[in-house]
Asks: 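Pasting in a structure now, in structure tokens, and then I'll have a few things to ask.
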Amino acid sequence: MSENDLKWEKLHLPELMSPAEIENGQLVQAECESKKYCLSKVNDNWYAIRDTCPHASASLSKGFMVKGQVVVCPLHRAKFDICSGKNISGEGYGMRSYPVKQEDDQLYLGLTDKNWYEFWK
């Protein structure tokens, strides 16, 4: 899917935080269209996954990052690659990883109008 196929929506960071303040590997909860996302920068590239762990519904942004791009759930230590969304714990569901782009001092989340089941067509 190309960038032209995506709908870019503004990500809202916590109050008084700018993208310049976020370090590589730092997890931040951001909001877009009333949904919460776990946002991070990996090697100066932005990535996001939904902030709710599919295993136990914990906030992934309250977890921690290991190996530079693996988000660890704070509740049961489920692990997700923030770049791909893959569950690397060996069991359970993976997550969708969302592209993020920065323009000036604002971050945008790349969303699609397709439903989850349309990706398998």
Asks: Determine whether a donor-acceptor pair (N or O, by modelled atom type, separation under 3.5 Å) exists between the side chain of Asn43 and the backbone of Asn45.
Replies: no

Asks: Please list, chain by chain and in numerical order, all residues satisfying salt bridge (charged side-chain N to carboxylate O under 4.0 Å, His left out) with Glu33, sequence neighbours excluded.
Replies: Lys7

Asks: Could you check whether any side-chain N or O of Glu103 sits under 3.5 Å from a backbone N or O of Asp105, counting only pairs where one atom can act as donor and the other as acceptor?
Replies: no

Asks: Can you check whether Val28 reaches Ser61 side chain to side chain, under 4.5 Å on heavy atoms?
Replies: no

Asks: According to a 4.5 Å side-chain heavy-atom criterion applied to Ile, Leu, Val, Met, Phe, Trp and Tyr, with indirect links allowed, do Phe64 and Val70 form part of one hydrophobic cluster?
Replies: yes

Asks: Quick one: CD on Glu9 to CG on Leu107, what's the gap to the nearest 0.5 Å?
Replies: 14.0 Å

Asks: Backbone N or O of Ser59 within a donor-acceptor pair of the Asp51 side chain at under 3.5 Å?
Replies: no

Asks: With rounding to the nearest 0.5 Å, note down the distance linking CG in Asp44 to CD in Glu23.
Replies: 10.5 Å

Asks: When you measure from the side chain of Gln106 to the backbone N and O of Leu11, does any donor-acceptor pair fall under 3.5 Å?
Replies: yes

Asks: Taking the hydrophobic residues Ile, Leu, Val, Met, Phe, Trp and Tyr, and joining any pair whose side-chain heavy atoms are under 4.5 Å apart, which ones share a cluster with Tyr47?
Replies: Leu27, Val42, Ile49, Leu60, Met65, Val71, Phe80, Ile82, Met95

Asks: Of the non-hydrogen atoms in Ser97 and Cys83, which two are nearest, and what is the gap between them?
Replies: OG-O, 3.1 Å

Asks: For Glu21, enumerate each residue passing the side chain to side chain donor-acceptor pair (under 3.5 Å) test, keeping only those at least two apart in sequence or located in another chain.
Replies: Ser18

Asks: Working note: Leu111 + Leu6, criterion side chain to side chain contact (heavy atoms under 4.5 Å, CB included); need CA distance, chi angles, decisive distance, verdict.
Replies: CA-CA 5 Å; Leu111 300 173; Leu6 298 173; over 6 Å; no

Asks: I want to check something: taking the side chain as every heavy atom from C-beta on, are Cys53 and Leu75 in contact at a cut-off of under 4.5 Å?
Replies: no

Asks: Same cluster or not: are Met17 and Tyr37 linked, directly or through other Ile, Leu, Val, Met, Phe, Trp or Tyr residues, by side-chain heavy atoms under 4.5 angstrom apart?
Replies: yes

Asks: Are any non-hydrogen side-chain atoms of Pro14 and Gln29 less than 4.5 angstrom apart?
Replies: no

Asks: Just verifying a value: how many Å separate Ser89 OG and His55 NE2, rounded to the nearest 0.5 Å?
Replies: 9.0 Å

Asks: Between Thr112 and Arg96, is any pair of side-chain heavy atoms under 4.5 Å apart?
Replies: yes

Asks: What distance do Tyr108 atom OH and Gln102 atom CD have between them, rounded to the nearest 0.5 Å?
Replies: 10.0 Å

Asks: How long is the span from the CD atom in Gln26 to the OG atom in Ser40, to the nearest 0.5 Å?
Replies: 7.5 Å

Asks: To the nearest 0.5 Å, what is the distance between NZ (Lys36) and CZ (Arg50)?
Replies: 10.5 Å

Asks: Any chain of hydrophobic side-chain contacts (each under 4.5 Å) joining Ile22 to Val100?
Replies: yes

Asks: Cation-pi check, Lys101 to Trp46: give yes when NZ or CZ is under 6.0 Å from the six-membered ring centre and within 45° of the ring axis, no otherwise.
Replies: no

Asks: Answer yes or no: is there a donor N or O on one side and an acceptor on the other, between the side chain of Lys10 and the main chain of Cys32, under 3.5 Å?
Replies: no

